[in-house]
Every structure is written in structure tokens, then in C-alpha cells.
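Report on the structure given below.
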Amino acid sequence: MNMNEGNCYTCFILGEGALPLLCGDILLRNNFRILGVISKDSEVKDWSNKNEIFLISPSEDFNSVLLNNSYDFLFSINNRYVLRESIYNSPLKYTINYHDGPLPKYAGAFATSWALMNQEKIHGISWHCVNGTIDGGPILRQSKIEIESVETVFSLNVKCFESAYNEFKELVKDLSNNAELLKVQDLTQRTYYPLYKSLPKAGVLTWHDAKIVDSTIRALKFDGHKNRLGLAKIILNNIFLIVQNAKILKSSSDELSGAIIGIDDDCVRVSCQFGDIELSDFMTMDGIEILSGSLKEVYGLEVGCNLGEIDDFLEKKIISFDKSIGKHESYWVEKLSSLDTLQFPYSSFNIEQSLKATHTFEVKYDQRLLLLSDGGSIGKGSMECVIALLVSYFTRISENEGFSFGFAHYELFKDKPVELCDLYSELVPFQVERNHQENFKSIFNKVRGQLEHINNCKTYARDVFFRYPELDFLKSKVVRKKLFPVQIFLVEDFSDHQEYCSSDLTFIISEKTNDFICVHDTSVYSAESMDKILDQIVLFIDEIIVSPDLPITSLNILSEAERHQLIYEWNATERSYPKDQTLVDLFESQAAESPDSTALVYEGTSLSY
């Protein structure tokens, strides 16, 4: 713990990123004693270790640390946690928060993006005291920032960062000299933007005003930094395309709003009711970049065509769905960032053309098997039982301590507009932690709990891979549609099951029958490999019924022929040799027969006979 000499104020810092570190340096230079830093940021951790300051993880009970210490200030800097009353009242003087907006306007989240979308000319930052109103406490320091016509949210965030740093230096001087001035906010002028507020028109561009189109795209341009808001899009025949850049044109056409007035290789020009706009850098929801010139070939766009807009009905449906899943996005990002996909031992890449083949496999529901799980009856429990069987089999053959496969349930988009399927992922990661001591009932209970959690969190927006830097390593897999090599789909019935066959290996479970279909890519799994997998599953079910209490990892999955091959044939290493000759004689004979052949290799050096 850092122990500065002399009389000084004591404090804690709560936050993420670079700004808390720079503010921490200012505090130390002004003889503040930092009792601890609450953060999960690796940079903050390194800084704390370097300065010998106590580091507390937000996942721990940091509230008890704050409540059980006597200190003067709590500095909340780039902190997303809403502090309860007992915490923000625990310092002897103030809890002080940094906000990237000119309070009382733009309280809440993503102030810089909303300011740009609202085409503000002046923005600002605020250092304020924390009270019971989010971003509503008295202001200690504030500064204004000019917004330029080409400002992006990234460049505006940089300006806010610099302004926050400079104002904090002055704030610390004020606090050190007991010269701080508190200005009560005029809450009648307050505007507030909730954390999970949806973008206008769900981020889909409209063609009323070129300035609004331009400001929307700039407001969502984070330049590779974390973007929790979303990306600007256009809609073409129920398909969404991401648009990354725009420029307002000086000329203004007389065409109808949304009409395409020009297409070049690198841009599309669109007429708006007020002004014209040039759009460029298009990308599918899977991250495939599309040249403007190829929009005609792929989507049938040409000069004179009209770009669509989402109607009020679709907007309400999208916003309603987005609100139900938005609060869970960080959960899915965390799951995806630690994705370790399941790899089957029987896959082998063939250069032959990739084709889809189907194996239909009927699961016989022995009542004893269902009783082993939860004592229920055929129905919902039977579907859970099939999933638990497959997860148990995956656990048995996997060499990893943990793995994930893709999971989808038909009810997610049931009775929903078709456009939702393009905006949100049908598949989510189903994560399994491998425990060598678990039996079937234990795995069944874990599967049931995981299914309940997935039902609650539903899914995530498909563009998350292009908004979160921690998911960069998955982009190539998303583009190639190889995020989940192994998938499980729950469907009402098997009609049109080919639409679910996008992976190397897909298990499709029907709600109406007691069987599942297995679909595989022939360039990855041969017919012989699939026969082996399905034979093993049959044997595995029998093993579970006979030995329900044994750990899954100890159950046999080999047929008698495979066991004989493994134990006897592959261990049959005996070889005949001239028993009347010594080892020296045999070596000399080999040297005479092939004197130039390699006899020994060691650290890159080889010797012939």
C-alpha cells in the first residue's frame, strides 16, 4: 500500500481505462493517499502494482471494503456501476464522478454519441458529486468542447478525455485547498439517456435529411474501440447491410427520398428529402465487405432504385426485442470472448467439394433413462434428455476441460418478423465445463440450468463481433460461417431441416418425435466417421442405463471390434527376426544392404549406416 508522508486526504478510485491512471498520478503528486483501486482493467492492475496500491476486483465485495474504511473521497472515473446510497455517502467528504457530457444535459450513457446524433455544436464534460439522481449531483468542475462538422464519436471522446484530465488537475487543487465550489444542477434542463436506450429506427438509416444520416454514422464510428450502442445500417429486401462512412454532398437532386442517384466502385449516392448523401464501406452482418459496385450484382441495386426504410410496425418489433436482450449483451460478449469450440476427434479435412449429408437417427426413450434424469414424463423432459445425452457424449470424447457448441431454439424467432433473423444471432454459445466425476444425472441438471439461462438471455446482435475488440479473434470464423463447428438445433419438426445445416456437424432435435437428425459436411466428416459416431452414441446410451452412477468419462464408447483392435491388434508388435544373429550382426547386415540410409538423427544432425 502506498503511504505518502505528511497530512493528506485519503481516497479510493473506481473505474476502467487510462483516465483513472492519469487521475491517480495527479492525486499522488498532490499528496493524496490512495487506499485502493477498484477495477478489473489489466492496465489499472499494472499501475496499481507499480505504485504499490491495493487492487480490488469488482467481482469481489468491494462495497464492504468501502464501508469498513474511513476515507475522504471516492473517485468514480469511467465507472459503469450504479453506486448504492450507503456507498456514495461513505466518504467523509464526497463521491465524485466523471461524466462525458455537459450536465444537466446528456445525463446517462453514451453522451457523446447522442450529442452527435442530435447535431449539437457544443458539448462538454463534468466532474460532479454523486447523489440519488444518476448524474444529477452538484457540479464541481465543467468545461465546454466545440464539435466540428466531421467529428466522430471517437474524436469527440478523445477531446472529452483531454478536457477531463485538465479539469481534474484543477479540481484536485481546489480540493487540496478546500476551495471547491459546488453548483447545484438545474434539473428542469436535464436530458437523460438510459444505458439500454435503443437507437432511432434501431440504427436503420432513413432518407429524410442527409445531415441526420451523416451524424448517425459519425455517432457510431468508434474506430476499433468498444461500441455498446450499435452500427448504422440500410435494409435491402429484408437483408441488412452495415454502413461505415458517409459524406454530405454539396449538390441536391430532385429525386424521391431514398432514390439511388449514382453508384461507383467505392460509393453509393442517395437522394434525401433535404440534401443528398454519399455512402461507402458496406459490410454484411457476417462481416463480408461489399464493394459498392457489386451491390447491383448481389442485391440488384442500380441507379433509379429506391432504398427502403423500416416501417413503424417493424421498428417497434425490433426495439421491443432489442430491449429484452440489450441488458444481456455483456454476458454474451464475455461468453464469446472465452469461446473454446468443441472439436470432434473424427473430423478430417478433404479437398473434395463440400456437400451436406444426412443421417437420421432414432433415440429410443427407455423410461429408465428419463427417470435417471428427473423422474419426469415424456415431453419437455425428453428434449432436455436428448440434449443431456449429446452433451454427455461430447464430454466423453472431448479432450478439453471446457468446450462450447452452437445452440439454437426455434421459439426464439417464432412469430417474429423475418428481418429479426438477420439482425440477431440464431445461435448462441452453449458452454460446458468438463468434470471427470460427473454422471448423467449431474450433467442433465447442468443442461437444464443452462437452458433456463439461455431462455432468459435469449441472444445477441450479430454485429457484436465488429463492435467489441475482445472478439476480433473470431471475425474470420464469423465471415466463414465457422464460429460453431458443432451445433444443436431444437425444431418443431424436421420439415425444411436443410436450412439448419451451416456447420461441420449439426444435431437437429425434433420436439414432436423421439429422434434427431444428424447433418454433416462431407468434406469434414466421412460417412464412415459418422457411422462410428452414431454407433458410439447407441452404445453410450446403453452404458448410461446399465451404469448410471459411474462418471461419464469412464463409460465405454467402443464396440467389441474397436476394443479388440485397440487392445490386441494395435499392440501386436511382435516381429520375426533371425534368432541365430546378434544385434551387432543385424546392424552390420543393414549397413551392408543400405549404407547411405539414415540411421540416427539428433538435434538436426543425421548419420548414415
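Start at 1 with the first residue, then count along the sequence.
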Do you know the tightest heavy-atom contact between His123 and Cys160? CD2-SG, 3.9 Å
Do the rings of Phe75 and Phe168 sit parallel, tilted or perpendicular, given the 30° and 60° boundaries? perpendicular
Decide, yes or no, whether a salt bridge links Lys475 with Asp472 under the criterion of side-chain N to carboxylate O below 4.0 Å. yes
Sequence neighbours excluded - side-chain hydrogen bond (donor to acceptor under 3.5 Å, both in side chains) pairs with any residue from residues 160-171: Arg141-Glu167, Ser143-Ser163
The reported gap from CD1 in Ile234 to CH2 in Trp207 (rounded to nearest 0.5 angstrom) is 6.0 Å
So Asp41 and Trp47, side-chain hydrogen bond (donor to acceptor under 3.5 Å, both in side chains) or not? Walk me through it. CA-CA 10 Å; Asp41 192 298; Trp47 181 86; over 6 Å; no
Students often mix this up, so state it plainly: with edges at 30° and 60°, are the rings of Phe154 and His225 parallel, tilted or perpendicular? parallel
For Phe466 and Met285, work out which heavy atoms get closest and say how close. CE1-O, 3.5 Å
Could you go step by step and tell me if Asp340 and Phe403 meet the side-chain contact (heavy atoms from CB on, under 4.5 Å) rule? CA-CA 5 Å; Asp340 190 359; Phe403 58 84; 5.5 Å; no
In terms of relative ring orientation, are Tyr106 and Tyr193 parallel, tilted or perpendicular, with 30° and 60° separating the classes? parallel
Verdict with reasoning, Asp504 to Val486, per side-chain contact (heavy atoms from CB on, under 4.5 Å): CA-CA 6 Å; Asp504 297 344; Val486 179; over 6 Å; no
Minimum side-chain heavy-atom gap Ile96-Leu175 below 4.5 Å: yes
Trace of the side-chain contact (heavy atoms from CB on, under 4.5 Å) decision for Ser76 with Tyr81: CA-CA 9 Å; Ser76 170; Tyr81 296 93; over 6 Å; no
Report yes if the side chains of Pro485 and Gln343 come closer than 4.5 Å at any heavy-atom pair, otherwise no. yes
Locate the shortest heavy-atom distance separating Ile13 from Gly24; write the atom from each residue and the value. CD1-CA, 3.8 Å
Nearest 0.5 angstrom please: Arg462 CZ to Ser425 OG, how far? 7.0 Å
Can you name the closest pair of heavy atoms from His128 and Gly136 and give their distance? CE1-N, 4.4 Å
What's the spacing between Cys272 SG and Ile277 CD1 if we round to 0.5 Å? 6.0 Å
For Asn306, what residues pass the side chain to side chain donor-acceptor pair (under 3.5 Å) criterion, not counting sequence neighbours? none
Any side-chain heavy atom of Asn97 sitting closer than 4.5 Å to one from His99? yes
Atom pair CG/CD of Leu336 and Gln431 - distance to nearest 0.5 Å: 8.0 Å
Asp186 atom CG, neighbour heavy-atom count above 12 within 6.0 Å: yes
Glu470 atom CD, neighbour heavy-atom count above 12 within 6.0 Å: yes
Taking 4.0 angstrom as the limit, do Lys226 and Glu16 come out as a salt bridge? no
Does Lys159 come within less than 4.0 Å of Glu151, counting only side-chain N to carboxylate O? yes
Could you give the distance from CD1 (Ile310) to CG (Asn238), rounded to the nearest 0.5 Å? 12.0 Å
Would one find more than 12 heavy atoms of other residues, nucleotides or ligands at under 6.0 Å from atom NZ of Lys105? no
Other residues, nucleotides, ligands: >12 heavy atoms within 6.0 Å of Ile122 CD1: yes
Do you know the tightest heavy-atom contact between Leu291 and Asp265? CB-O, 3.9 Å
Rounding to 0.5 Å, atoms CG (Asn456) and OG (Ser324) come to a distance of 10.0 Å
Between Tyr98 and Trp127, what is the ring plane arrangement, given parallel below 30°, perpendicular above 60°, and tilted in between? tilted
Is any side-chain heavy atom of Tyr196 closer than 4.5 Å to one of Asp322? no
Taking all non-hydrogen atoms of both residues into account, name the closest pair between Pro469 and Gly224 and its distance. CG-O, 3.1 Å
One thing to verify: whether Lys481 and Asp286 come together as a salt bridge, which I'm taking to mean a side-chain N less than 4.0 angstrom from a carboxylate O. yes
Side chains of Lys211 and Gln119: donor-acceptor distance under 3.5 Å anywhere? no
Do the rings of Tyr94 and Phe73 sit parallel, tilted or perpendicular, given the 30° and 60° boundaries? tilted
